[in-house]
Amino acid sequence: MSNYPFKLQPLPYAYDALEPYIDAKTMEIHHSKHVQTYIDNLNKALENQPDYQKWSLERLLYNLEKLPQEIQAPVRNSGGGVYNHNLYFAIMTPNGKPLADGTLKTAIEKDFGSLDALKEQLKAAGLSVFGSGWAWLVADDEGRLSIYKTPNQDTQIPANLTPVINLDVWEHAYYLKVQNRRAEYIDNWFNVIDWDAAQKNYDKFGEVDFSKM
Ligand code: MN3
């Protein structure tokens, strides 16, 4: 967890590391331009708000309605943008890492039947986001998995759900490589998912309580 002034987290791999599935130019612009802009706008919203500068990003996003009116929209949009992308970049890795035996695999098989069935539902969710937004695999406080969707840069935080993986379906995530073919981007993206990182995220269910951050 971090607080103001927020900084761009370095990518844990090179811009071209997710090739051929996600191209270097997309990754470079996505990280160094889009996310940097969210960082800048989030910091700008908070620069004259000393009361909120010590709040973590999670706390700001959970308590959106308690924030001063004038910073609610920038925190929601830009703060959400920072949070969502930090997670998204962290659950990808070159060539992906397979889903190993463990609690996440067990939960996926229990709640979806199989990994393939989960992928199918996640893809359908991503395709059904109208305009820009995100599709998620989330866990409740008992570890039950479900698919979740958010518009724009909204997060799963107000619902107090533990994020496992998230899929960016904004056109900026894929347009350079596959233009309007969102389905092709999602199929490519499945090849770079880091299921070890997903397991680590899943391990936090029951401990994560955004109302206390
Ligand atoms: Mn994005």
Side-chain angles (χ1 to χ4, degrees), residues 1-2 6-45 57-58 60-61 64 72-94 96 119 122-138 147-159 161-195 197-198 201:
M1 283 197 295
S2 55
F6 292 94
K7 292 189 189 69
L8 185 64
Q9 280 188 10
L11 269 189
Y13 38 75
Y15 288 134
D16 65 358
L18 304 182
E19 296 265 12
Y21 305 110
I22 300 182
D23 62 292
K25 195 74 191 165
T26 294
M27 288 303 296
E28 181 181 353
I29 294 173
H30 205 169
H31 179 260
S32 72
K33 305 291 185 197
H34 288 282
V35 182
Q36 183 66 60
T37 300
Y38 294 131
I39 295 266
D40 294 345
N41 288 337
L42 175 60
N43 285 334
K44 197 157 179 280
L57 186 52
E58 289 85 348
L60 288 164
L61 290 167
L64 276 175
Q72 288 184 12
V75 168
R76 181 177 189 167
N77 295 328
S78 297
V82 172
Y83 178 86
N84 289 341
H85 287 89
N86 284 347
L87 182 72
Y88 171 73
F89 290 140
I91 54 94
M92 298 191 287
T93 197
K119 286 180 178 174
L122 194 55
K123 181 178 178 182
L127 289 173
S128 71
V129 171
F130 183 76
S132 298
W134 295 78
W136 304 72
L137 177 65
V138 293
I147 303 285
Y148 194 71
K149 295 197 291 181
T150 54
N152 305 309
Q153 292 297 356
D154 284 1
T155 73
Q156 88 305 339
I157 287 178
L161 294 163
T162 299
V164 181
I165 56 175
N166 64 349
L167 166 62
D168 189 346
V169 294
W170 283 58
E171 282 189 342
H172 68 224
Y174 59 87
Y175 202 86
L176 285 179
K177 183 175 171 69
V178 296
Q179 292 78 51
N180 61 314
R181 302 187 301 278
R182 188 186 285 185
E184 194 175 322
Y185 154 70
I186 297 173
D187 287 338
N188 285 333
W189 175 76
F190 285 130
N191 291 299
V192 295
I193 295 181
D194 183 341
W195 287 104
N201 290 337

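Residues: numbered from 1 along the sequence shown. Start at 1 and go down the list; that is how both ligands and their atoms are numbered. Only this structure's heavy atoms are used, side chains among them; waters, hydrogens and symmetry mates stay out.
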| Do Q36 and D40 meet the criterion of a side-chain donor-acceptor pair at a distance under 3.5 Å? | yes

| field | Criterion side chain to side chain donor-acceptor pair (under 3.5 Å) against H85, the qualifying member of H30, H31, H34 | value | H30

| task | Find, among atoms of D168 that are N, O or S, the one nearest to the Mn ion (ligand 1), and state its name. | result | OD2

| Looking at H172, which of its N, O or S atoms is the nearest one to the Mn ion (ligand 1)? | NE2

| message | From the N, O or S atoms in H85, identify the one nearest to the Mn ion (ligand 1). | response | NE2

| query | Do we see a donor-acceptor contact under 3.5 Å between the side chains of Y83 and E58? | reply | no

| said: Check whether N201 reaches the backbone of V164 with its side chain - one donor and one acceptor, N or O, closer than 3.5 Å. | reply: yes

